Number of protein chains: 2
Amino acid sequence: MTRSARRAPVARRLEHVALELFATQGFDETTVDELASAGGVGRRTFFRYFPTKLDVVLGELDEGLAALVVALATQPGADPVAAARAAFLAVNRYADGELPALRRRLGLIEDVPELAARATVRYRDWESALAGDAARRWDVDAGSLRAQVFGRAVVASMRAVFSAWHARPEADAAALGGLVDEAFDLLARGFSAR
Amino acid sequence: MTRSARRAPVARRLEHVALELFATQGFDETTVDELASAGGVGRRTFFRYFPTKLDVVLGELDEGLAALVVALATQPGADPVAAARAAFLAVNRYADGELPALRRRLGLIEDVPELAARATVRYRDWESALAGDAARRWDVDAGSLRAQVFGRAVVASMRAVFSAWHARPEADAAALGGLVDEAFDLLARGFSAR
DNA sequence: GTGGTGGGTGGCACCGAGTGCCGCTTAGCG
DNA sequence: CGCTAAGCGGCACTCGGTGCCACCCACCAC
């Protein structure tokens, strides 16, 4: 997701110490005051960088959305499934050095229910983007059931992919791509196919 | 979802006045104190019936899960898609009188992001149940990507169905069934199929 | 240099959700 | 009639999140 290139250094620092504290103390057991002072800022300032304690874990999703939209745009003529597949493969290209942090984030999202919940809110825009793109390619209405189901099913599948990837501690970046491909095969051919 | 047959009358009353107040004042603008005293109980008691202000809107989902599991169990031999389709059709059989309340709930869930988020947490068990059931029928591991993607994609599609149904004010119970069928056709045959 | 001016900062006070504790009522029962 | 147990609800507390405002400091005009 072409992460966090240029971003306020304060935000970067806060994200870092937050992941650290969450990993050692747990999410619920860490207060925003601790996060703030560990990051060397006041509590009030923390909330200027992150609307929510939850968002300090989910920081990069927005940039991911932008990247997704771009990636979709660079797939003219393709059918929706192919376009979405290519876009997700492009957007989820991680360098080896990024994988540990990704794992920590996914682990948190997986077992702090509130985080999973917040993530789905953030993913709404992804669903809309995918539905809109698919609707254009299929030449149907963006509100049509087909487009809406597509958008939601794709995002849900991608979350299953991340979950599966996270469950395999030895899986690398290539494995992630493989899972993405598998998931899109299922979506393309349907669950009744063998 | 064979709703709320035997349930503490206090809870029923609270749900009712809550939907009322949310509809008139808005969700965020209604405090738990108001809900409690409108329901004739103390604030502390409110939280004994509902773990969260959010849950007063989502009350029946758990009963829905139980019904889903039962419905799945009564589909021996069917393939996962057919079983899930039949289960959802069985579970979402609404009497005409229930539709207005359903609409109000869906409307709230749709445009209060926090509610949508909470709903997804509650739906996790549905996803697991579907994944487990499908894994058994396919004779694969419950943690396998195929089963996991299936569980999540089905739930996501059903949420798209409810959203689409809610968007059409004149749609009745039969229309809901039709949308469920459409969605399952897509899942069964895949999005690349004509 | 002096005197704005504007953005980032963070303290302070406040609100509302959620929780632990505890004393009260009341229904059921020996 | 007393005992007990369960539901109720008040009270006080924690913590996330917000509005307000005073402060610091860089930048700029004169």
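Each chain gets a letter, A, B and so on, in the order its sequence line appears, and its residues count up from 1. This is a predicted model, so every value here is computed, not measured.
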(message) I need the CZ-P distance between A/R43 and D/dC15, as an integer number of Å.
(response) 10 Å
(message) Rounded to whole Å, how long is the line connecting atom CD of B/E29 with atom P of C/dG16?
(response) 11 Å
(message) Quick check: do B/N92 and B/F162 have side-chain heavy atoms less than 4.5 Å from each other?
(response) yes
(request) Tell me which nucleotide among C/dG10, D/dG17, C/dA17 gets nearest to the side chain of A/T45. (result) C/dG10
(request) Could you state the atom-to-atom distance from CD of A/E114 to C1' of D/dG17 in whole Å? (result) 13 Å
(message) What is the distance, to the nearest angstrom, from the CG atom on A/D28 to the P atom on C/dT19?
(response) 11 Å
(request) Write down the distance between CZ (A/R48) and P (C/dG8), rounded to a whole number of angstrom. (result) 9 Å
(message) Centre-to-centre under 6.0 Å for B/Y123 and B/W126, is that the case here?
(response) yes
(request) Looking only at side-chain atoms of B/V41, point me to the closest of D/dG9, C/dT9, C/dG18. (result) D/dG9
(message) Between A/R103 and A/E98 (salt bridge meaning N to carboxylate O under 4.0 Å), is one present in this structure?
(response) no
(request) Please state whether the base of C/dG18 and the side chain of B/R44 form at least one donor-acceptor pair under 3.5 Å? (result) no
(request) Send over the distance from A/L35 CG to D/dG17 C1', rounded to a whole Å. (result) 14 Å
(message) OP1 or OP2 of D/dG17 versus the side-chain N and O atoms of A/T52: is any pair under 4.0 Å?
(response) yes
(request) Quickly work out the A/F47 CZ to D/dC15 P distance and round it to whole Å. (result) 13 Å
(message) When you measure from the side-chain N and O atoms of B/Y49 to the phosphate of D/dG7, is any distance below 4.0 Å, counting only OP1 and OP2?
(response) no
(message) Between A/R137 (side chain only) and A/A78 (backbone N and O only), is there a donor and an acceptor less than 3.5 Å apart?
(response) yes
(request) May I ask you to evaluate whether A/T31 reaches the phosphate of D/dT14, defined as a side-chain N or O under 4.0 Å from OP1 or OP2? (result) no
(request) Would you mind classifying the nucleic acid contact of A/T30 as base, sugar-phosphate or nothing, using non-hydrogen atoms under 4.0 angstrom? (result) sugar-phosphate
(request) Give me the ring orientation class for A/F88 and A/F184: parallel if the planes are under 30° apart, tilted from 30 to 60°, perpendicular past 60°. (result) tilted
(request) Calculate the interatomic distance between B/K53 atom NZ and C/dG18 atom P; express it in whole Å. (result) 8 Å
